[in-house]
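Read the structure below first, then the notes.
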Amino acid sequence: MAVKNDMTKDFLHSAYGGERLAHMRYLTWSKVAEKEGFKNIAKLFTAIAYAERVHAENHFKEIGGPTNDYTVTAGGVFGYNNTVDNLQGAIDGELHEVEQMYPVYLNAAEFQGEKGAQRSFRYALEAEKIHAKMFKEAQDLAKEGKDLDIEAVYICPVCGHTIYDEAPDKCPVCGAKKELYKKF
Ligand SMILES: [Fe+2]
Ligand SMILES: [Fe+2]
């Protein structure tokens, strides 16, 4: 069911905008990483871009109908730099979501009894915690000129949960089955 309260609805719009920006900038930064020879960091950016798309889609669904025009105001990190600096932008963006944005949005949705928005915000919050950590690890390596030592990145298509090398039997955040995970 679509969101009822304006405040939570505003936050869904803003979160949608933020996730969309993150999706795009990670695809761009993936290309930069590829060019610099960081094949696996490029893969990480592409995979996490997909996770942010999952979040955007979840928020979009919770906004629901009717169809209307809406001006979205959303914060987003900008910068077209080298991979070490791009990763700093990624870390900053993820930490903003983990420490500021999603806890506040989640609290508002809880206060307003918006169950669907709560789920959508919680899914994003849990994934962004993992993303912040992964980007930090990648940056530590990139600073030494090293790439990530991974085989693959797996993303849960329901909540965006992100894990290296093997999907879990059941998503720890949303319970989705292993077979559903998308491999990058
Ligand atoms: Fe993220
Ligand atoms: Fe999940």
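When a ligand or atom number is given, it counts from 1 through the structure's own listing order. Only this structure's heavy atoms are used, side chains among them; waters, hydrogens and symmetry mates stay out. All residue numbers refer to positions in the sequence shown, counting from 1.
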Cut-off 3.5 Å, no hydrogens considered: what does the side-chain donor-acceptor table look like for residues 156-170, sequence neighbours left out?
| residue | atom | partner | partner atom | Å |
| --- | --- | --- | --- | --- |
| His161 | ND1 | Tyr181 | OH | 2.7 |
| Thr162 | OG1 | His131 | NE2 | 2.8 |
| Thr162 | OG1 | Gly160 | O | 2.8 |
| Asp165 | OD1 | Glu151 | N | 2.7 |
| Asp165 | OD1 | Ala152 | N | 3.1 |
| Glu166 | OE2 | Lys178 | NZ | 2.9 |

Short side-chain donor-acceptor distance under 3.5 Å, Thr83 and Glu36: yes
Any donor-acceptor N or O pair under 3.5 Å, side chains Gln88, Asp92: yes
Exercise answer: donor-acceptor pairs, residues 99-106 side-chain atoms, under 3.5 Å, sequence neighbours excluded:
| residue | atom | partner | partner atom | Å |
| --- | --- | --- | --- | --- |
| Tyr102 | OH | Glu19 | OE2 | 2.5 |
| Tyr102 | OH | His59 | NE2 | 2.9 |
| Tyr105 | OH | Ser14 | OG | 3.0 |

Listed protein N/O/S atoms, distance to the Fe ion (ligand 1) under 2.8 Å: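 Counting only protein N, O or S atoms under 2.8 Å from the Fe ion (ligand 1), the list reads Glu52 OE2, Glu94 OE1, Glu94 OE2, Glu128 OE1, His131 ND1.
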Residue pair Leu27 / Ala49: nearest heavy atoms and the distance that separates them: CD2-CB, 3.6 Å
Metal-centred angle, SG of Cys159 through the Fe ion (ligand 2) to SG of Cys156, rounded to 10 degrees: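 Between SG of Cys159 and SG of Cys156, at the Fe ion (ligand 2), the angle is about 110°.
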Quiz: residues 68-79 side-chain donor-acceptor pairs under 3.5 angstrom, not counting sequence neighbours:
| residue | atom | partner | partner atom | Å |
| --- | --- | --- | --- | --- |
| Tyr70 | OH | Asp10 | OD1 | 2.3 |

Heteroatom test (N, O or S) for Cys174 near the Fe ion (ligand 2), limit 2.8 Å: yes
Criterion side-chain contact (heavy atoms from CB on, under 4.5 Å) on Ile130 and Glu126, from CA distance to verdict: CA-CA 7 Å; Ile130 296 168; Glu126 292 309 318; 6.0 Å; no
